[in-house]
Every structure is written in C-alpha cells, then in structure tokens.
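The structure displayed is predicted, hence computed values, not measured ones. Protein chains get the first letters and strands the later ones, always in sequence-line order, with residue 1 at the start of each.
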2 protein chains.
Amino acid sequence: MAPLSLFCQRNAQSPDESSMPKSLNLVGTSTYQRIKRDIIFGDLAPGSKLKLDNLRERYEASMSTLRETLNRLASEGFVDALDQRGFFVTPVSREDLHEIANLRVLLECHALRLSIANGDTDWEGNLVAAHHKLHLMEQKMLEGDNSQIEDWKRYDWEFHLALIEACGSNNLLSLHAVLYDKYLRYQMLVLTHRGEDAVEEHRKVFKAALARDVETAADTLKVHIEKGLEHSLAAFTD
Amino acid sequence: MAPLSLFCQRNAQSPDESSMPKSLNLVGTSTYQRIKRDIIFGDLAPGSKLKLDNLRERYEASMSTLRETLNRLASEGFVDALDQRGFFVTPVSREDLHEIANLRVLLECHALRLSIANGDTDWEGNLVAAHHKLHLMEQKMLEGDNSQIEDWKRYDWEFHLALIEACGSNNLLSLHAVLYDKYLRYQMLVLTHRGEDAVEEHRKVFKAALARDVETAADTLKVHIEKGLEHSLAAFTD
DNA sequence: GAAATAAAAATATCAGATGTTATTGCATCC
DNA sequence: GGATGCAATAACATCTGATATTTTTATTTC
C-alpha cells in the first residue's frame, strides 16, 4: 500500500499504482479528503461529535459513504469510533503530541539516513526543486503574508517527503505520511509558527542531504522536529 | 487511538478506553476480525479478489457492513481498494516482507528500550507470566504438536507485547500491532517455524529485559526478528 | 435532589433501486 | 489466426428508506 496523506493527489478510495506518497492535498475533493482536511485544520474540533445527519448535510454524502469514510479515518487515528455511540474527532493531548513528535523523529530520521544512502540524481533533483519552492513560500510567510497557510504546509510536506523519498520502503513512507498529518493537526491548532529558525533548519538539512552528510542531516532534522514540538507544547493547553 | 491487532479482545468497531493493545484475538467474531484473521492465516489468498457478493455469503453480512470493514482493512494495509474495481487481498512480496521486518526491528527495539527504562513491577509480572505461557506452548510445538498454531501465535504476540508495553507510547504500540500482524501473515504463508533457536532467543530477551540490560535485550530482539526474516525469505517465493 | 421511567434521538444493520464502470463474449475485420 | 470494436453482462459505488437496538434526554415520582 502506498502512503496516503492529506496532500495526496489521488483519490483515497482509488489508490493507483503510482509510487508517490501523498499528504495534505487539497486538490482532492472526495468526502474522505474533505473530512480529513477539516479535522487537520481544526474546522472539526478535537473531541467533537460527528453526527451522521450533520455530516450528511455538510458534505452532501449518504450515510453509507460517510460511514466508510469515518471507518477509514478511525483506522488512521483521526476519528474515534465508539460502538453504538458514533464517531468523534480524536481528542488531542500533550502526551499524544509528544508521542507523535517522537515517532516522527524516529521514523523520519531513519528514513533520511536510508534515503541519503540510496538517493540518485532524480532524488537530488526533486529535493532541490522541493526546497526551492518551500523556501520561496517561507520568504512570503516571513514578510507577513499568512494567506496561504495550506499551500505553505503542502510545500513543507513535499520537502520533508522529498528528503526521505529514496529510503526504499513504501511501508515506511506510509507510516510517515500519517504521522506527518497528525503532527500537522497540532501545528494548526496552536497556529503559531517559528519563523526564521525553521527556515534555517530546512536549509541546513537540505544542504547536508545534498552533501550526503548523513549525521548532520539526521541530527538537524531531529532538532528541527523537536524544536517544533517545544514550540507547539508551549502554545498548547489541553 | 489504542493499538489494534488481530488478537484483540475488544470489537474493532467499538474501541473502548482500555489501554491494552491487541493483536490476533480469535475470540472476537466481528466481521472485521474474521476477515482480518482469514487474510493473516491465508484463508483469503494474497492478491485474490474480494467480491462483495461472495463475502456476503461467506460472512453473512450486508454490503454496507462489508464495505466499512474492507475500508478499515484497506487503511491498515491488509486490503487494496481500487476505485471502481473493488477490493483485493494485499499481495505479498519479498521486498514487502523485508520492509515489514526492518520496520518491526526499528519500532520494537526502540519500544523495548523505552519499556525497560520505564517498566515497573506490574510490567515485570506481566512479562514473567507472558513468557511462561509462551514457553509452555513452545515446548508443545517442539514435541511436534502443531495443532494449536493460532494459540501459539497469540502467546508469541502477548510476549512481544508484554516486552514493550511499558514504553509509554500508545501510538508506538498501535503501529507495532499492525506491523506484527503483517509480519505474522508472512510467517503463516511459509508455515515453517524455527524451533529451538527462536525459543532460546525469546528466553534471552526475556532474561535481559528483567535484568534491565537494555543493550543485550535490544540486540537479541533485533537478531530474533532478523533471523525470522531470513527463515521466511528462504521459504518464500513470489 | 436522586432514582426510576417514558419519550426521543441516534446508531447499526439491512435490503433494494439506480447509475456508472469494468469485464466478458462475440462478431467483425485485416 | 489474431487484433479490434461492440454489445451484453457483471460488479461496483452510491443513495434511499426501513427496522431493531442502544443511548441520550426529558419527565415523573419519591
């Protein structure tokens, strides 16, 4: 199974054989993608009840489709399914945020090491392109233009994916995609971003990866995620 | 979301708040558990088409329920959902087996280290009990009694879970539970087991964990999984 | 104010109808 | 004979609506 994430081009219901792992793709308009987006971006609040009748109106879908979607999201951990009591947006907590960040460090750094070891010229090319696009967007953000947060986050996702894409494990990329999205929900909840520090960390990981400096790249990525965690935790109240 | 696995007591559709991560629990008789069991134990062959009408007869469930179940399993990676072409049991491959085993090493060893660091007296007690039960069953298997493979695998699961259960991360336990089940499917496909070596490795991990010898425990666990991988790969043909 | 009970709401499951897409079999053509 | 095009069939995806069960809410009673 190829990795799925919100920025995914393909329809979640119709995975094709393309190898590109996907996250946060707001292009998709399936019920699955729309609900997942709304959970990640906080339009559906953590812990809130997902009444089927309400969802029916809101997403203009039948109960069958909605239940299939909610079962999928429950399996991924964005929705809690309680027998005979319906569906709820998975609650958030500091502990959970901690766990997600730690797992992201574990998996993403591991994948980065593999990717740097395996990456070919195409990998480098994609990485350069992804960093360039992210960097342009980051400049805009630093100038105070906060109108394109979703685009910004898509570029962030595409950069982090480009880093690890040559790791050689689709299973690893799949797990990472889900973790990224869970982490992203927390980032969206606190809605503060770290500015120049994060930009510089991106640049440093990028440079080290291109230079095939595994240790520097992995260490910097670890710091990058952990600083993001601290930043989120500081702004986060249960 | 608490970890789910085949040996799970609770109904997959009705997760409660109990913290016990679950795998291969054949007690459950929900459609979800029955189909998942049949995939893992090879009664539904890798790659085979899951025609809804056939499943309807076989599991005596309505199309709605089946589609919800298949969506869940698709999300976990046991089923492939192809748009307008229906559902298929996820195919197997040597590469996939490799990936699964490597991820299990990464996550399970990491969790074991945390667990040894955090584990209290209850953890030790559970671990002793789990190893004892597994060991008894292993003796039976060594004597040639192959009539209780599912029970044996449940005890194996419970032992590996007991090792890592004090890791302090529900997210980690969830990811591990799915990986264990995927790995188990490959073990069931080749249907050969390793005998005394594996028994001794279990004993060694167990002793090291109780002695809080993190390095020995993690190294032995790594060897245990990797030897299992080699053994499965040798018997596995695409 | 708490406990028991009745009413309402919501869920889970099912059956059946409809439109769409994929697959299959057959005839045709080169 | 093999490839191509077309019709018939099968299968999927979605929706509506019905029923039984369970949970939640409101009301009554003590």
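Salt bridge annotation for B:Lys36-B:Asp181: present, with a cationic side-chain nitrogen under 4.0 angstrom from a carboxylate oxygen. Here A:Asp43 pairs with A:Arg37 in a salt bridge; the nearest charged N to carboxylate O distance falls below 4.0 Å.
The shortest distance between the side-chain N/O atoms of B:Arg56 and the OP1/OP2 oxygens of C:dA15 is below 4.0 Å. At least one side-chain nitrogen or oxygen of A:Arg67 sits closer than 4.0 Å to the OP1 or OP2 atom of C:dA12. The side chain of A:Arg85 contributes no N or O atom lying less than 4.0 Å from OP1 or OP2 of C:dT11. Between B:Lys49 and D:dC12 there is a side-chain N or O to OP1 or OP2 distance below 4.0 Å.
Between A:Leu66 atom CG and C:dA10 atom C1' the separation is 14 Å, expressed in whole Å. As a whole-Å value, the separation of B:Met63 CE from C:dT13 C1' is 13 Å. In this structure, B:Leu82 places its CG atom 11 Å from P of C:dA22, rounding to the nearest Å. Counting to the nearest Å, the P atom of C:dC14 and the CD atom of B:Glu60 are 10 Å from each other. Rounded to whole Å, atom P of C:dA12 lies 6 Å from atom CD of A:Gln84. Rounded to an integer number of Å, the gap from CG of A:Leu55 to P of C:dA12 is 12 Å. In this entry the distance linking CD of B:Glu68 with C1' of D:dC12 reads 16 Å, nearest Å. Taking atom CG on B:Leu70 and atom P on C:dT13, their separation rounds to 14 Å, with Å as the unit.
Using the six-membered ring where Trp is involved, B:His202 and B:His160 have ring planes that are perpendicular, over 60° apart on the 30 and 60° scheme.
Checking D:dA11, D:dT14, C:dA12 against the side-chain heavy atoms of A:Thr65 singles out D:dT14 as nearest.
Within 4.0 Å (heavy atoms only), A:Ser64 reaches at least one base atom of the nucleic acid.
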With side chain to side chain contact (heavy atoms under 4.5 Å, CB included) as the test, would you mind laying out the steps for B:Trp123 and B:Asn118 before giving the verdict? CA-CA 9 Å; B:Trp123 171 70; B:Asn118 297 340; over 6 Å; no
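For A:Asn171 and A:Ser169, the side-chain atoms include no donor-acceptor pair closer than 3.5 Å.
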